[in-house]
Amino acid sequence: MPAGFQQLGGERITGTLALSVFTAVLGSFQFGYNIGVINAPQKIIEQDYNSTWMERYSEPIPPQTLTSLWSLSVAIFSIGGMLSSFSVGIISEFFGRRKAMLINNVLAFIGGGLMGMSKISKSFEMMILGRFTIGAYCGLASGLVPMYVGEIAPTSLRGALGTLHQLAIVTGILMAQNCPEGKTYVPNSHRQHLLGTAHDSPGFAT
């Protein structure tokens with residue numbers, strides 16, 4: 001058998017197939033990462049929200065307002081994902097699976113950039129908008145990735161390769177949490193910067 005090929009289930013897995021599947025499911029990894037990454041820097045983000053409010057209004061942020069802003073920052077990710085998921089079929093048919101995944105990365109870079117720059121810009125609106133944008137990216141990725149992998153995989157391997165989508169999601173959540181019990185090895189003062197890495201989606205290489 002030629003080098004670079006592996007026999008599995010009566011079908012051959014080429015290096016190109018393995019690379020294509022691996023690169024595609026990295027988009028699913030980003031999905032999982034963005035689900036979990038918001039938890040670790042919660043206290044830091046709330047402190048930044050309070051300092052921003054102090055600069056704008058010269059008074060501490062009311063607890064109810066802080067809770068509402070934090071809840072919105074977390075929940076709007078799901079709203080963005082829900083809205084964008086409705087357009088998966090239209091976008092994938094218009095652009096094609098591969099090109100749609102490439103274009104979708106624009107949302108990842110915009111969302112990651114907004115979240116990463118929110119602390120410097122002292123704007124909790126940027127954080128919320130960034131979470132919405134990255135949620136829209138993940139909503140599209142959740143439909144495009146399994147669709148793409150299912151179409152390029154050989155029939156006998158379609159089920160096995162299709163499970164990599166779910167595996168990548170939970171791996172992303174694990175990496176975002178860093179270790180059990182919600183702890184992380186990243187120092188407290190730098191945890192918010194984890195959000196800026198949300199734009200580093202390798203799906204552009206698909």
Side-chain angles (χ1 to χ4, degrees), residues 21-46 48-49 66-88 91 100-101 103-119 124-149 161-186 188 190-204 206:
V21 172
F22 173 76
T23 308
V25 299
L26 287 176
S28 304
F29 176 85
Q30 275 293 103
F31 185 6
Y33 179 83
N34 282 284
I35 291 175
V37 72
I38 194 70
N39 298 319
Q42 176 180 353
K43 296 300 181 183
I44 306 300
I45 294 174
E46 289 179 342
D48 287 333
Y49 283 4
L66 179 60
T67 301
S68 298
L69 286 175
W70 170 250
S71 301
L72 181 60
S73 301
V74 175
I76 203 167
F77 171 85
S78 301
I79 296 175
M82 178 187 67
L83 295 177
S84 67
S85 64
F86 293 145
S87 61
V88 169
I91 293 176
M101 292 175 65
I103 295 174
N104 190 31
N105 280 279
V106 175
L107 294 177
F109 277 93
I110 293 174
L114 287 170
M115 291 188 293
M117 296 296 293
S118 62
K119 181 179 178 66
F124 49 75
E125 293 89 354
M126 288 181 64
M127 171 68 73
I128 295 171
L129 182 59
R131 285 286 293 175
F132 176 82
T133 307
I134 204 70
Y137 161 81
C138 292
L140 289 172
S142 66
L144 293 172
V145 170
M147 189 185 303
Y148 176 76
V149 171
L161 296 179
T163 60
L164 295 178
H165 169 63
Q166 291 86 354
L167 177 62
I169 291 176
V170 297
T171 302
I173 296 174
L174 176 64
M175 292 297 293
Q177 295 294 335
N178 246 258
C179 65
E181 300 179 3
K183 299 178 182 178
T184 177
Y185 299 116
V186 179
N188 289 343
H190 297 291
R191 288 185 181 182
Q192 185 172 351
H193 298 297
L194 290 171
L195 293 167
T197 64
H199 72 280
D200 296 329
S201 171
F204 69 89
T206 305

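Atom set for the values below is all heavy atoms of this structure, side chains included, hydrogens, waters and symmetry mates excluded. In this text, all values refer to a predicted model and were calculated from it rather than measured experimentally.
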Novice: If I take atom CZ from residue Phe132 and atom CD1 from residue Ile79, how far apart are they, to the nearest 0.5 angstrom?
Specialist: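 One finds 8.0 Å between CZ of Phe132 and CD1 of Ile79.
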Novice: Got Met147 and Val88 here, is their nearest side-chain heavy-atom distance under 4.5 Å?
Specialist: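 Yes, at least one pair of side-chain atoms sits under 4.5 Å.
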Novice: Closest heavy-atom contact between Gly27 and Tyr137?
Specialist: CA-OH, 3.5 Å
Novice: For Ser84 and Leu140, which heavy atoms make the closest approach, and how far apart are they?
Specialist: O-CD2, 3.3 Å
Novice: Closest heavy-atom contact between Ile134 and Gly112?
Specialist: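 Smallest heavy-atom distance, with atoms named: CD1-N, 4.3 Å.
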Novice: State, to 0.1 Å, how close Tyr49 and Trp70 come at their nearest heavy-atom pair, and which atoms those are.
Specialist: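 Between these two residues, the closest heavy atoms are CE2-N, 4.2 Å.
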Novice: Are Val37 and Met115 side-chain neighbours, meaning at least one heavy-atom pair lies under 4.5 Å?
Specialist: no
Novice: Which pairs, with at least one residue in residues 161-174 and sequence neighbours excluded, count as a side chain to side chain donor-acceptor pair (under 3.5 Å)?
Specialist: Ser28-His165
Novice: Got a second to check how far Leu164's CG is from Leu26's CG, nearest 0.5 Å?
Specialist: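 Taking CG in Leu164 and CG in Leu26, the distance rounds to 10.5 Å.
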Novice: Would you check if Ile45 and Ile38 make a side-chain contact, meaning some heavy-atom pair closer than 4.5 Å?
Specialist: yes
Novice: Which heavy atom in Ser73 sits nearest to a heavy atom in Ile128, and how many Å separate them?
Specialist: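 Scanning both residues, the minimum pair turns out to be OG-CG1, 3.5 Å.
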Novice: To the nearest 0.5 angstrom, please state how far the CG atom of Leu72 sits from the CZ atom of Arg131.
Specialist: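 Leu72 CG to Arg131 CZ: 10.5 Å, rounded to 0.5 Å.
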Novice: Rounded at 0.5 Å granularity, tell me how far SG in Cys138 sits from OH in Tyr33.
Specialist: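 OH of Tyr33 is found 12.0 Å from SG of Cys138.
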Novice: Looking only at heavy atoms, which two atoms of Asn104 and Ala136 are closest? And how far apart?
Specialist: OD1-O, 4.5 Å
Novice: Rounded to the nearest 0.5 Å, what's the gap from CG on Leu144 to OG on Ser85? Could you check?
Specialist: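 That separation rounds to 11.0 Å.
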Novice: Working to the nearest 0.5 Å, report the span between CZ of Phe29 and CZ of Phe22.
Specialist: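 Interatomic distance, Phe29 CZ to Phe22 CZ, rounded to 0.5 Å: 9.5 Å.
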